[in-house]
**Student:** 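Below is one structure. I have some questions about it.
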2 protein chains.
Amino acid sequence: MTDVKHMKWWGWGIEGVGFHYDDKPAFAPFVKYAVGLDLSTPATPVAPFSEITVPASRASEEFVSRLTRIVGADNLTTDDQARVVHTFGKSIRDLIRVRAADFPRTPDVVVYPADEVEVQQLVDAAVEADAVIIPFGGGSNIVGSLEPLASEERTVISLDLGRMRRVLEIDEESGLARIEAGAQGPDLEAQLVEKGWTLGHFPDSFTHSTLGGWVATRSSGMQSDKYGDIADIARGLRVVRPGGTLVIRPLPSTSTGPSVREMIIGSEGRLGVITEVTVQVHRTPEKRDVYAYFFPNWGAGLAAMQAIAESDATPSITRVSDARESAFSLATSKESSGVTKFITGTVLPGLMKLKGWKNLDEICLSFIGYEGSESHAKRQKSLVEALVKKHGGFGVGTGPGVLYDQKKFDTPYLRDFLLDRGAAADVSETAAPWSKLQTVYTNAYAAANRAYAELGVQGWIMAHLSHSYHSGACLYFTFAFVHGDAPLEQYDVVKRAIQQSFIDSGATLSHHHGVGLEHAPWLEQDISTQGAAVMQGLLDSADPTRTFNPGKITGK
Amino acid sequence: MTDVKHMKWWGWGIEGVGFHYDDKPAFAPFVKYAVGLDLSTPATPVAPFSEITVPASRASEEFVSRLTRIVGADNLTTDDQARVVHTFGKSIRDLIRVRAADFPRTPDVVVYPADEVEVQQLVDAAVEADAVIIPFGGGSNIVGSLEPLASEERTVISLDLGRMRRVLEIDEESGLARIEAGAQGPDLEAQLVEKGWTLGHFPDSFTHSTLGGWVATRSSGMQSDKYGDIADIARGLRVVRPGGTLVIRPLPSTSTGPSVREMIIGSEGRLGVITEVTVQVHRTPEKRDVYAYFFPNWGAGLAAMQAIAESDATPSITRVSDARESAFSLATSKESSGVTKFITGTVLPGLMKLKGWKNLDEICLSFIGYEGSESHAKRQKSLVEALVKKHGGFGVGTGPGVLYDQKKFDTPYLRDFLLDRGAAADVSETAAPWSKLQTVYTNAYAAANRAYAELGVQGWIMAHLSHSYHSGACLYFTFAFVHGDAPLEQYDVVKRAIQQSFIDSGATLSHHHGVGLEHAPWLEQDISTQGAAVMQGLLDSADPTRTFNPGKITGK
């Protein structure tokens, strides 16, 4: 059988790896304080796969034979677990449903093509048979881009690109690498680093997401301030469509009308199957440091990030957590880590006294990255630190930064841990102009708290700013609460409230998670009725047979 | 009557301003050398407007009345000269045709709406009457985006946005300005500068082009290395469409599916009428300098620009002319200018000897800009100059840079001057990855020279590199020849040869001039058959009545 690895059928990451807090003494008290959850109560383990019921595949034998002739018997399956793995992404809605064996519709068959030729044959076979194709990368999506529509009557193919994962070619002179769309973060970065290059794209999902998935959802990474969002990075594209391949050649810029490149980016599978992407790559930088800073409060941290964005400085990461997220970060730090010692020891209180900071509960933790040549990184640091100081902050070195670098990809495991114990947690992120960020922040908090009050639950919300641009930034909220018997309905109340507050405050429905089914209800409010109609026209005209992941993005 | 100013009906710029060479002693010998044209032969002046025949307006009285009720009698005209002004842009094809009174089709009526409400009424009236709308900004287009199709049977409205030119609002905190689409470069920049801001967008057409036009054609400016292309700068958009306005709110970034913002950018009027753009603006920089450099030859200059793009340096302008364009620049310099003295005097020969440069004919002139705080500009200069030196170049200060800054917008006048004397000149520009630039360059030269040989004319071609990106740059070619009795046919042979060489060498059909009718034949070769089909689907679905500038970009 195919060697493509998948995440757990029921949760994030690989089997045997999970969140634990034995070495994090502050964690249990924090969770009790934040959502009222007592971690000493026993967890409910996920039922073994053998105990759940999965709807049978609806694919006809004849059609399965047809597809088998294309990819070979080893690279096609109608197996229950494989179909469950390919049904959802990893949003809290997905996790709750998969645990409840709530499968309104699963894919009928999973195929693993070897190359673009096979993808073309699969696409043409699907169109001919009036089947549906849903491209699948790492399965980390959290906006419902992967699930078949519940009402789908046709055969649904999950087209897994996991075998197409090679770095095909590096144009060293141009800093461009041609990479197959199914390459996952660590794999492709390793192939690049081996030759002295980096992509510089590190989304939180990095360890389990693919290049094709990043392009399909307009992804951003932690170092995007320096390397750009995937929309900047992805210069060339190959997209298999009925009857042929759409080819966008790698160009630094072009004025060829409405950008077809930008139509493919964020298309979530609706315009065809992305098979190959030519991306900008950079020489592995001489320096790649992440420094930690503390600000007296959120307002100061926000103002500092804005001042940095306005300045001539070009750091690789600009991130500041609000007081609650800072407290969370400290609570999930290992006992032995420098940052915990720093906080719980005498250093911080002494410094606070020195600076006249009154309230430990208000301090905000910030991470700022510097990359490039030694002298460039040094200069950026000096430019940034002058602004940090101006806004009342101070640096605490690279210790916590290294910590951040190490654990940044681990947070998703926490969701499964909490869900085992009856608490639901997920995220909503957005972007807005600098002038609106404080309002967006305040309104999202108020919306979440109103939703918690309505539900009668003790809820938690926390946030950070990341991804600074000239005219604004991304705000990223994490929320959690102990759910009752109707977790999805409760989640909907909270999620809806936060998303609506984004739109009403002049922010967008998502900065880098895409639209899928989850955010589709806000599309029209975000880009206007006319904008949604233009987009629908594009999707309908490009896919009149509704072969490609129908219903996503626009809900139609 | 409306106070909207236009360029000459027959050429570039305003009446009374033109190219002259009394103070440029090297110019006449240069022209003789380059294209064999003797400037002492008398020029053929353009015939007065009264002597040319213009096809009558085909608009019905009833429809004109309907439009008059919307914009008022002062803001509508069917006058011959106004219709001629609105028939073409300013490409050499346009200039040749307008001089020959070759008008396959003119607009039937020109309207000047006061605001978005009137634009909406005009759009709805046009759809109802099955008329065509061609939005018109400054009229500087050189790819045939403005002319009605020769075969157009319906009434054609030229919708001139010249009255909509205000800077409406500056969000100082976010660095965002809301500006009406009809604002011309100098006017909008003056409104911004008055308040301490700059847009930083300075295309060659700056003095006679509009914000809406820049967006509609995916424009780039001379300082785009720093400020970004218009696709980066334009964050929010308002586009009037049948039945309502498409609104893209100003966001620093968003993951709302295929980017409708990017569909509007470069749409050349085909998706509706752009009425307002929210753009990124920057505080007027402390320093804004342009320095000149010389390189021993084109290869060295090209390699230096590439090294700068790969480095941590962020200059605002990176531009290097090839030897022929450098010679042209020196030939068009005023006698009294520092650069001429530098070249014709003893300084350069002395320096060349010192550096061991053998051939004055090979030297290449480069302009590099530095903007920002005093210390930022200083550091960028020092980083860049180390690389210039490494590639054998040396600096000659800001003298020629100031000259460049002053005369950069005057070059288009030269075309009319040459046309008066029987020579046709125009430009073709493109972009490609760094690894392909030398090939693109060599092939374009070869293609032009083959075309000249085929025509049996003495032709000239010269080029510069501008707009550097991480993975490539723009190459900008200017070509000229003394035409015979069939100037358009001859021009087509040369232009076609150069454009085809771009595509065949892996470059794009245009970096920043758009597609229009002129480049439409290469669209499919550039973005693939599938890409062109997806684009056509977008245009057809968004404009089923073919109201908006039909036929442009895709030729359909």
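These numbers were taken from a predicted model, which means no experiment stands behind them. Naming convention: chains lettered A, B, ... in sequence-line order (proteins, then strands); numbering from 1 in each chain. Just the heavy atoms: all of them, side chains too, but no hydrogens, waters or symmetry mates, feed the values below.
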**Student:** Could you tell me which of Ile527(A), Leu539(A), Thr430(A), Ile265(A) has the largest number of non-hydrogen atom pairs under 4.5 Å with chain B?
**Tutor:** Ile527(A)

**Student:** Taking every heavy-atom pair that is under 4.5 Å apart, which of Arg218(A), Glu371(A), His470(A) has the most such pairs with chain B?
**Tutor:** His470(A)

**Student:** Relative to chain B, which segment of Ile553(A) carries a heavy atom at a distance below 4.5 Å: side chain, backbone, both, or neither?
**Tutor:** side chain

**Student:** Quick one: does any side-chain atom of Arg249(B) pair with a main-chain N or O of Ala507(A) as donor and acceptor, under 3.5 Å?
**Tutor:** yes

**Student:** I need the residue from Val281(B), Thr314(B), Leu271(B) with the largest number of non-hydrogen atom pairs under 4.5 Å to chain A.
**Tutor:** Val281(B)

**Student:** Measure distances from Arg261(A) to the heavy atoms of chain B and classify the residue's part below 4.5 Å as side chain, backbone, both or neither.
**Tutor:** neither

**Student:** Please look at Asp526(A) and chain B and tell me whether the side chain, the backbone, both or neither of the residue comes under 4.5 angstrom of a heavy atom of that chain.
**Tutor:** both

**Student:** Counting heavy-atom pairs closer than 4.5 Å to chain B, which one of Ala542(A), Ala313(A), Ser373(A) comes out on top?
**Tutor:** Ser373(A)

**Student:** Which of residues 510-519 of chain A get closer than 4.5 angstrom to chain B, counting heavy atoms alone?
**Tutor:** Ser510(A), His511(A), His512(A), His513(A), Gly514(A), Val515(A)

**Student:** Flag the one option from Ser541(A), Gly266(A), Pro252(A), Ser468(A) with the top tally of heavy-atom pairs under 4.5 Å to chain B.
**Tutor:** Pro252(A)

**Student:** Please give me the minimum heavy-atom distance between Thr508(A) and Ser253(B), naming the atom from each residue.
**Tutor:** CG2-O, 4.0 Å

**Student:** Quick check on Ala532(B) against chain A: is it the side chain, the backbone, both or neither that has a heavy atom closer than 4.5 Å?
**Tutor:** neither

**Student:** Could you tell me which portion of Val143(A) (side chain, backbone, both or neither) has an atom closer than 4.5 angstrom to a non-hydrogen atom of chain B?
**Tutor:** neither

**Student:** Quick one: what part of Ala533(A) sits under 4.5 Å from any heavy atom of chain B, side chain, backbone, both or neither?
**Tutor:** neither

**Student:** With side chains defined as the heavy atoms from C-beta onward, is the minimum distance between Gln530(B) and Val240(A) less than 4.5 Å?
**Tutor:** no

**Student:** Identify which of Asp312(A), Leu538(A), Val260(A) forms the greatest number of heavy-atom pairs closer than 4.5 Å to chain B.
**Tutor:** Asp312(A)

**Student:** Provide the closest heavy-atom pair for Ser471(B) versus Gly175(A) in the form atom of the first, atom of the second, distance.
**Tutor:** CB-O, 4.5 Å

**Student:** So which of Gly537(B), Ser528(B), Ser267(B), Gly531(B) has the largest heavy-atom pair count under 4.5 angstrom toward chain A?
**Tutor:** Ser528(B)

**Student:** Tell me every residue that passes side chain to side chain donor-acceptor pair (under 3.5 Å) with Glu172(B), counting only those two or more places apart in sequence or in another chain.
**Tutor:** Trp197(B), Arg283(B)

**Student:** Measure the OG1-CG distance between Thr529(A) and Leu246(B) for me, rounded to the nearest 0.5 Å.
**Tutor:** 9.5 Å

**Student:** Ala432(B) and Leu251(A): which non-hydrogen atoms are nearest, and at how many Å?
**Tutor:** CA-CD2, 4.2 Å

**Student:** Tell me which of these, Asp543(A), Thr217(A), Ile264(A), Ile503(A), has more heavy-atom pairs under 4.5 Å with chain B than the rest.
**Tutor:** Ile503(A)

**Student:** Taking every non-hydrogen pair under 4.5 Å, which of Gly506(B), Pro250(B), Gly372(B) racks up the most with chain A?
**Tutor:** Gly506(B)

**Student:** Only pairs of heavy atoms separated by less than 4.5 Å count here; which of Gly257(B), Pro285(B), Pro544(B) has the most with chain A?
**Tutor:** Gly257(B)

**Student:** Are there residues of residues 227-239 of chain B that reach to under 4.5 Å of chain A by heavy atoms, and which ones?
**Tutor:** Asp229(B), Arg235(B)

**Student:** Specify the closest pair of heavy atoms between Met263(B) and Val534(A), including all atoms of both residues, with the distance to one decimal.
**Tutor:** SD-CG1, 4.1 Å

**Student:** Pick whichever of Thr256(B), Leu509(B), Ile248(B) has the most heavy-atom pairs under 4.5 Å with chain A.
**Tutor:** Thr256(B)

**Student:** What option among Ser311(B), Ala431(B), Pro433(B) has the most heavy-atom pairs under 4.5 Å with chain A?
**Tutor:** Pro433(B)

**Student:** Is there a side-chain contact between Pro258(A) and Glu262(B) (heavy atoms, below 4.5 Å)?
**Tutor:** no

**Student:** Are Leu437(A) and Glu173(B) close enough that some pair of their side-chain heavy atoms sits under 4.5 Å apart?
**Tutor:** no

**Student:** How long is the gap from CD on Glu310(B) to NE2 on His282(A), to the nearest 0.5 Å?
**Tutor:** 10.5 Å

**Student:** How far apart are the C-alpha atoms of Ser174(B) and Gln306(A), what are their side-chain angles, what is the distance that settles it, and do they pass the side-chain contact (heavy atoms from CB on, under 4.5 Å) test?
**Tutor:** CA-CA 9 Å; Ser174(B) 308; Gln306(A) 183 171 352; over 6 Å; no

**Student:** Side chain from CB out, backbone as N, CA, C, O: work out which of these in Ala309(A) comes under 4.5 Å of a heavy atom of chain B, or both, or neither.
**Tutor:** neither

**Student:** Identify which part of Ser375(A) has an atom lying under 4.5 Å from any heavy atom of chain B, answering side chain, backbone, both or neither.
**Tutor:** both

**Student:** Measuring heavy-atom distances to chain B, does Pro242(A) have an atom under 4.5 Å in its side chain, in its backbone, in both, or in neither?
**Tutor:** backbone

**Student:** Taking only residues two or more places apart in sequence or in another chain, which ones pass side chain to side chain donor-acceptor pair (under 3.5 Å) with Gln536(A)?
**Tutor:** Asp540(A), Thr554(A)

